[in-house]
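What you see below is based on every heavy atom in this structure, not just the backbone, and it leaves out hydrogens, waters and symmetry mates.
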Amino acid sequence: PNGYPKTLMYEGPDSIWFNFIALLYYGQRYHIPVTYQLTTSAPAPSEVQLSSPANFLAVRAATAGPPPAGVRLVREYVLPDKTFLLLYRRA
């Protein structure tokens, strides 16, 4: 749609509120390659390293905060467990 392929990197924990299997399912369904870094706890957004060539980054964080370097915030969601799912796009 925008003239380039969409790719997504996810960093954060795997839980019932936002889970890795569902992320892979939607990635395959909509033809979006997904890379991931599963963590045991929700990282601070500014601590996340965009280590893949993905043009979108999804971070599950305990709090909203400054974005990682090189990205801009697209959308912010509050999950039922009061953590945040933050969607960024490469700047």
Looking at every non-hydrogen atom in both residues, tell me the closest pair between [X] and [Y] and how far apart they are.
{"X": "Pro68", "Y": "Tyr88", "result": "CD-CZ, 3.7 Å"}
{"X": "Pro45", "Y": "Pro66", "result": "CB-O, 3.4 Å"}
{"X": "Ala54", "Y": "Leu8", "result": "CB-C, 3.8 Å"}

> Out of Thr39, Asp81, Asp14, which one pairs with Arg60 under the side-chain hydrogen bond (donor to acceptor under 3.5 Å, both in side chains) rule?
Replying inline: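 With Arg60 as partner, side-chain hydrogen bond (donor to acceptor under 3.5 Å, both in side chains) holds for just one option, Asp81.
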> Rounded to the nearest 0.5 Å, how far apart are CZ of Arg72 and CG of Leu87?
Replying inline: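 One gets 10.0 Å once the value is rounded to the nearest 0.5 Å.
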>> Please report the interatomic distance CD(Glu76) to CG(Leu85), rounded to the nearest 0.5 Å.
In response: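 Between atom CD of Glu76 and atom CG of Leu85 there are 9.5 Å.
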I'd like a table of donor-acceptor pairs (distance under 3.5 Å, sequence neighbours excluded) in which one partner is a side-chain atom from residues 24-37, with atom names and distances.
residue, atom, partner, partner atom, Å
Thr35, OG1, Ser52, OG, 3.3

> Less than 4.5 Å apart, any side-chain heavy atom of Leu38 and any of Tyr10?
Replying inline: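 Yes, close enough: below the 4.5 Å cut-off.
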> Is any side-chain heavy atom of Leu79 less than 4.5 Å from a side-chain heavy atom of Phe84?
Replying inline: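 No, side chains not in contact.
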> Any donor and acceptor pair, going by atom type alone, linking the side chain of Arg90 with main-chain N or O of Gly70 inside 3.5 Å?
Replying inline: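 Looks like no, no N/O pair under 3.5 Å.
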